[in-house]
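Just so it is clear, the structure is predicted and the values come from calculations on it, not from any experiment. Side chains included, hydrogens not; waters and symmetry mates left out as well; all remaining heavy atoms used.
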Amino acid sequence: MSITLLSSPLQGFTDFRFRNAFHKHFGGIDTFYSPYIKLNGKLVVKGSYERDILPKNNNTLEVIPQIITNDAEEFLFVAKYVQQFGYKELNWNLGCPYPMVAKCGMGSGLISNTSQIEHILKRVHNETDIIVSMKMRMGYENPTEILDVFPILEQYPIKNIAIHARIGKQLYKGGVDLDSFQKCLDTSKQKIYYNGDITSVAKFKELQERFPSIDHFMIGRGLIADPFLPSMIKNNSTEYPKNRFEIFEAFHDEIYQQYDAYLQGPTPIRMKMLGFWEYFSESFSNPQKTFKKIKKAGNSKNYEAAVKEIFKNG
């Protein structure tokens with residue numbers, strides 16, 4: 001069975017700059033999901049969201065835009081908006097675990113509101129021809145919430161449901177709940193994708209053996225912590241390339257230069273790269289020491305020197 005690997009969207013990380021550089025230096029991902037488009041009470045799409053999905057910024061990638069909303073009008077507006085750029089599919093985020101999102105009844109906080117989910121899907125399928133796919137947690141409070149949503153989803157031609165095998169309240173803490181994920185597989189008649197804690201080739205193989213019917217796997221944080229992971233999974237190999245850190249450094253330098261030009265100013269770029277290094281440091285022999293070096297670099301000159309030393313020593 002051939003395996004399809006997808007990049008799970010991570011707000012603040014996997015924008016078009018990251019995606020293009022990742023695809024160029026590492027490969028292995030078949031389809032990227034863009035971080036979600038969120039409207040703040042007005043039917044207006046922010047410039048940063050538009051730049052992220054513009055075809056000219058994604059011309060070597062297969063990208064699927066994503067929306068986070070609990071409002072049918074917003075969904076319809078964004079559906080028509082992305083269609084003007086040639087997109088045929090819109091992914092609906094019912095997975096975001098962050099309390100400020102969930103408490104507003106969006107992301108994983110919407111899963112228990114089955115009547116609103118049904119209302120939105122009914123309008124979207126009656127009023128637009130966009131293909132709808134879903135990204136979900138198994139619930140916010142408990143992992144059985146999703147089971148009540150499945151009968152509603154069966155009524156519509158949902159393309160697929162990518163399920164992160166956690167509940168919203170967990171955020172990213174604790175392990176994935178594979179027994180509850182199995183219940184989803186047993187209950188739903190939809191095409192299910194697996195998401196959650198794919199952090200190594202060995203972990204991927206365990207999941208593949210546990211869920212032999214799954215042929216689409218979504219990688220989120222693991223993709224940033226070890227950018228070689230998707231291509232290694234595809235090649236069924238645990239061997240890194242001999243020039244591993246040269247490739248990684250070239251990738252880092254490319255995104256660093258692009259974000260530096262875009263963000264304009266020492267503090268925004270420092271915070272941006274600090275976020276990445278929380279994950280990147282996992283690829284090095286001493287993650288804590290590596291991250292500490294980055295944190296201590298108070299200006300761009302020191303940061304660049306620290307990065308050079310880290311990649312040189314591997």
Take R123 and E73, measure what salt bridge (charged side-chain N to carboxylate O under 4.0 Å, His left out) needs, and give me the verdict at the end.
CA-CA 9 Å; R123 285 204 57 194; E73 293 297 339; 2.8 Å; yes
Criterion side-chain hydrogen bond (donor to acceptor under 3.5 Å, both in side chains) on N20 and E254, from CA distance to verdict
CA-CA 10 Å; N20 283 307; E254 187 166 325; over 6 Å; no
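Side chains of K295 and L274 form a contact here, defined as non-hydrogen atoms less than 4.5 Å apart. In this structure, the side chains of I247 and F228 come closer than 4.5 Å at one or more pairs of heavy atoms. Side-chain contact check for I233 versus I198: some heavy-atom pair is nearer than 4.5 Å. Two residues are said to be in side-chain contact when any heavy atoms from C-beta on lie closer than 4.5 Å; Y303 and W277 meet this criterion. Y87 places a side-chain heavy atom less than 4.5 Å from the side chain of I53. For the pair N113 and H119, the minimum side-chain heavy-atom distance is 4.5 Å or more.
A continuous path of ILVMFWY side-chain contacts below 4.5 Å connects F22 to M273, so both sit in one hydrophobic cluster. The hydrophobic clustering, which links ILVMFWY residues whose side-chain heavy atoms are closer than 4.5 Å, places F16 and Y256 apart. Note on L229 and Y279: same hydrophobic cluster, where clusters join Ile, Leu, Val, Met, Phe, Trp and Tyr whose side-chain heavy atoms are under 4.5 Å apart, directly or indirectly. Cluster annotation: Y36 and V44 are assigned to distinct hydrophobic clusters (Ile/Leu/Val/Met/Phe/Trp/Tyr, side-chain heavy-atom contacts under 4.5 Å, transitive). Criterion: ILVMFWY side-chain heavy atoms under 4.5 Å apart, direct or through other members. Under it, L171 and V176 are part of a common hydrophobic cluster.
Residue M134 holds its CE atom at 10.5 Å from CD1 of I192, rounded to the nearest 0.5 Å. Rounded to the nearest 0.5 Å, atoms CH2 (W92) and CG (L110) are 5.5 Å apart. One distance of note links CD of Q182 with CG of L185; it measures 5.0 Å at 0.5 Å rounding.
Between Q257 and D253, the side chains place no donor N or O within less than 3.5 Å of an acceptor N or O (distance only, hydrogens not considered). Judged by distance alone, the side chains of N57 and R51 never bring a donor and an acceptor atom under 3.5 Å apart. Side chains of K205 and N236: a donor on one and an acceptor on the other come within 3.5 Å. Between the side chains of T60 and N58, not a single donor N or O lies within less than 3.5 Å of an accepting N or O. Neither side chain, T69 nor D71, offers a donor N or O lying under 3.5 Å from an acceptor on the other. Counting only N and O atoms by type, the side chains of N40 and K38 include a donor and acceptor under 3.5 Å apart. With 3.5 Å as the limit, one finds no donor-acceptor pair spanning the side chains of N93 and Y33.
A salt bridge links R221 and D197; the closest N-O separation between the charged side-chain nitrogens and carboxylate oxygens is under 4.0 Å. Ion pairing between a basic and an acidic side chain is recognised when a charged N comes within 4.0 Å of a carboxylate O; K46 and D52 show no such pairing. With respect to D177 and R137, no salt bridge is recorded, no charged nitrogen being found less than 4.0 Å from a carboxylate O.
S8 contributes no side-chain N or O that, together with a main-chain N or O of I219, makes up a donor-acceptor pair within less than 3.5 Å. No donor-acceptor pair under 3.5 Å is formed between the side chain of T128 and the backbone N or O of V124. S108 places no side-chain N or O within donor-acceptor distance of the main-chain N or O of G139, the cut-off being under 3.5 Å. Judged by distance alone, with hydrogens and angles left aside, the side-chain atoms of E127 form no donor-acceptor pair with the main-chain N or O of L76 at under 3.5 Å. Judged by distance alone, the side chain of N195 and the main-chain N or O of A162 form no donor-acceptor pair under 3.5 Å. Under a 3.5 Å cut-off, the side chain of E249 and the backbone N or O of V307 do not form any donor-acceptor pair. Here the side chain of R270 pairs a donor or acceptor atom with the backbone of A297 at under 3.5 angstrom.
Using a 30° and 60° split on the angle between ring planes, Y193 and H216 fall in the parallel class, below 30°. Using a 30° and 60° split on the angle between ring planes, F311 and F248 fall in the tilted class, from 30° to 60°.
The shortest non-hydrogen separation linking A21 to I255 is CB-CG2, 3.6 Å. The minimum heavy-atom distance between I161 and I158, with the atom names listed, is CG1-CG2, 4.3 Å. When all heavy atoms of G174 and R166 are compared, the pair lying nearest together is O-NH2, 2.7 Å. Between P9 and K135, the shortest heavy-atom contact is CD-CE, 4.5 Å. Between Q116 and N70, the shortest heavy-atom contact is NE2-O, 2.8 Å.
With F18 as the fixed residue, the ring-ring contact (aromatic ring centres under 6.0 Å, His included) test singles out one of F13, F280, F251, Y262: F251.
A 6.0 Å sphere centred on NZ of K191 holds more than 12 heavy atoms belonging to other residues, nucleotides or ligands. Other residues, nucleotides and ligands contribute more than 12 heavy atoms inside 6.0 Å of the CD atom of Q84. Within a 6.0 Å sphere centred on OH of Y156, other residues, nucleotides and ligands contribute more than 12 heavy atoms. Atom NZ of K169 is surrounded by 12 or fewer heavy atoms from other residues, nucleotides or ligands within 6.0 Å.
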